[in-house]
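If you scroll down you'll find the structure; I have some questions about it.
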Amino acid sequence: MTAFQTTLEKSQALKDQIPDDAQPDQPTGRQALAQWLALPELWLDVAYLRSQLVVTATPDEAAVPFDILRTRLVCLARQHGWRRIAMVSPAGGAGKTTTAVNLAFALGRQSGLRTLALDFDLRKPTMGRVLGARVPLNMTDLMQGQGHLSSVLRRHGQGMAFGLNDGSVGQSSEWLQSVEAVDLTARFEATYAPDLMLIDLPNLAQADDAIGFLPNVDAALIVVEAGRHSSYDIDVIERQVAEQTRVAGIVLNKCTLPDSPFGPRRTN
Ligand SMILES: Nc1ncnc2c1ncn2[C@@H]1O[C@H](COP(=O)(O)OP(=O)(O)OP(=O)(O)O)[C@@H](O)[C@H]1O
Ligand SMILES: [Mg+2]
């Protein structure tokens with residue numbers, strides 16, 4: 001797996017232009033914890049996960065860059081009271097879902113933190129495939145009031161659960177921008193009281209799905225494929241995202257530059 005670089009501070013100027021919301025209610029409660037612990041467990045096939053470039057499910061040196069990303073993200077989230085973090089990318093195949101899953105496992109290993117990673121790429125949901133897990137329903141079924149939230153959730157350990165889909169749905173853009181999608185996000189939050197939600201969205205080039213949903217999150221991580229976009233393009237994307245929500249940072253994925261001994265390189 002190639003190295004990647006993070007520039008979590010790169011967007012500080014843009015981010016600071018948007019006032020922070022009031023701190024959300026702290027997720028506590030025995031009921032939420034009981035519901036969380038009652039979720040069906042994810043069956044881990046470490047060899048399969050590795051074939052999907054998921055390296056954080058078990059302790060490994062390759063997981064270190066994701067641990068660094070996790071720690072920076074958690075610091076930012078605590079500092080600003082963020083709970084919902086969207087994963088977006090300017091074009092398809094940047095590695096957004098792979099990064100989301102790796103980051104999710106890294107977050108799951110952080111004690112005292114409950115993270116829910118939701119596959120809201122209704123157009124092309126692949127989180128289940130990356131994990132080698134299947135669920136019987138789609139997010140849109142839940143949006144229509146069918147089934148229980150737990151039907152699409154798979155928990156790993158005490159700190160991590162994934163929300164998956166059975167397959168893609170038509171009119172994904174309309175679904176993602178619907179009141180029902182916002183309501184579903186709130187229901188996940190109210191039922192399981194996660195500290196953080198990572199929400200995997202369709203890439204920005206595909207349609208208006210992701211941009212339309214971004215006002216519902218606290219911040220977004222932009223995953224960019226190294227060498228595919230000019231710095232001008234990345235600036236444009238960053239501004240587009242910043243018009244809808246705060247930019248938590250940019251992950252430069254599939255980067256072939258060696259890491260600096262002083263940590264991941266920054267592009268700014
Ligand atoms: N750091 C990496 N190095 C090499 N290959 C990678 C890396 N990250 C992801 N990939 C590979 O790139 C491909 C696309 O990854 P992924 O599905 O995560 O992208 P995506 O941004 O979610 O795509 P989409 O826009 O279609 O949702 C997959 O084959 C994945 O294994
Ligand atoms: Mg994806």
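Both counts, for ligands and for their atoms, begin at 1 and track the order of listing. The structure displayed is predicted, hence computed values, not measured ones.
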Report task. Give yes or no for whether the N/O distance cutoff of 3.5 Å, strictly under, is met between R129 and ligand 1. Result ->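 No, since none of the N or O atoms of R129 sits under 3.5 Å from an N or O of ligand 1.
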
Query raised in the report: Taking the six-membered ring where the residue is Trp, are the ring centres of F162 and H156 under 6.0 Å apart?
Result: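 No - the distance between ring centres of F162 and H156 does not fall below the 6.0 Å cut-off.
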
Query raised in the report: Taking N or O atoms only and a 3.5 Å limit, does A94 qualify as a polar contact for ligand 1?
Result: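 Such a contact does occur with ligand 1.
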
Query raised in the report: CD1 of I199 to CG of L118: how many Å apart, nearest 0.5 Å?
Result: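 Answer for the CD1-CG pair, I199 versus L118, is 5.5 Å.
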
Query raised in the report: Just checking, any donor-acceptor pair under 3.5 angstrom between side chains of D208 and S173?
Result: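 Yes, a side-chain donor-acceptor pair sits under 3.5 Å.
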
Report task. Please work out which of the three classes, parallel, tilted or perpendicular, describes the rings of F188 and F120, given edges at 30° and 60°. Result ->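 Plane angle between 30° and 60°, so tilted.
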
Query - Where L107 and L113 come nearest, the two heavy atoms and their spacing - result: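 Reported closest heavy-atom pair: CD2-CD2, 3.8 Å.
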
Requested in this report: May I ask you to check whether T126 brings an N, O or S atom to under 2.8 Å from the Mg ion (ligand 2)?
Outcome: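 Given the 2.8 Å cut-off, T126 does not count as a ligand of the Mg ion (ligand 2).
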
Query raised in the report: Which is closest to atom 11 (C) of ligand 1 by heavy-atom distance: M87, K254, Q52?
Result: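 Ranked by closest heavy atom to atom 11 (C) of ligand 1, first place is K254.
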
Query raised in the report: Are a donor atom and an acceptor atom from the side chains of E189 and T185 found within less than 3.5 Å of each other?
Result: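 There is no such pair (donor and acceptor under 3.5 Å, judged by atom type) between the side chains of E189 and T185.
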
Query raised in the report: Quick one: are P202 and L176 in side-chain contact, heavy atoms under 4.5 Å?
Result: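 They are in side-chain contact.
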
Query raised in the report: What atoms in ligand 1 come closer than 4.0 Å to a heavy atom of K124?
Result: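 Result: 26 (O).
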
Report task. Would you mind telling me if ligand 1 is within reach of the side chain of D121, the backbone, both or neither, using heavy atoms under 4.0 Å? Result ->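 For D121, only side-chain atoms sit under 4.0 Å from ligand 1.
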
Query raised in the report: Based purely on interatomic distance, does N253 place a nitrogen or oxygen under 3.5 Å from a nitrogen or oxygen of ligand 1?
Result: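 Yes: some nitrogen or oxygen of N253 is under 3.5 Å from one in ligand 1.
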
**Report entry** Contact atoms of ligand 1, heavy-atom distance to N203 under 4.0 Å
**Finding:**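 Within the 4.0 Å cut-off of N203, ligand 1 contributes 25 (O).
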
**Report entry** K96, any N or O under 3.5 Å of ligand 1 N or O
**Finding:**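 Indeed, backbone or side chain, K96 has an N or O that close.
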
Requested in this report: List every atom of ligand 1 that sits less than 4.0 Å from any heavy atom of G95, numbering the atoms from 1 in the order shown and giving each element.
Outcome: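 Contacts of ligand 1 toward G95, numbered from 1: 9 (C), 15 (O), 16 (P), 18 (O), 19 (O), 20 (P), 21 (O).
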
Query raised in the report: When you look for heavy atoms under 4.0 Å from ligand 1, do you find them on the side chain of L53, its backbone, both, or neither?
Result: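 L53 to ligand 1: side-chain contact only, backbone stays beyond 4.0 Å.
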
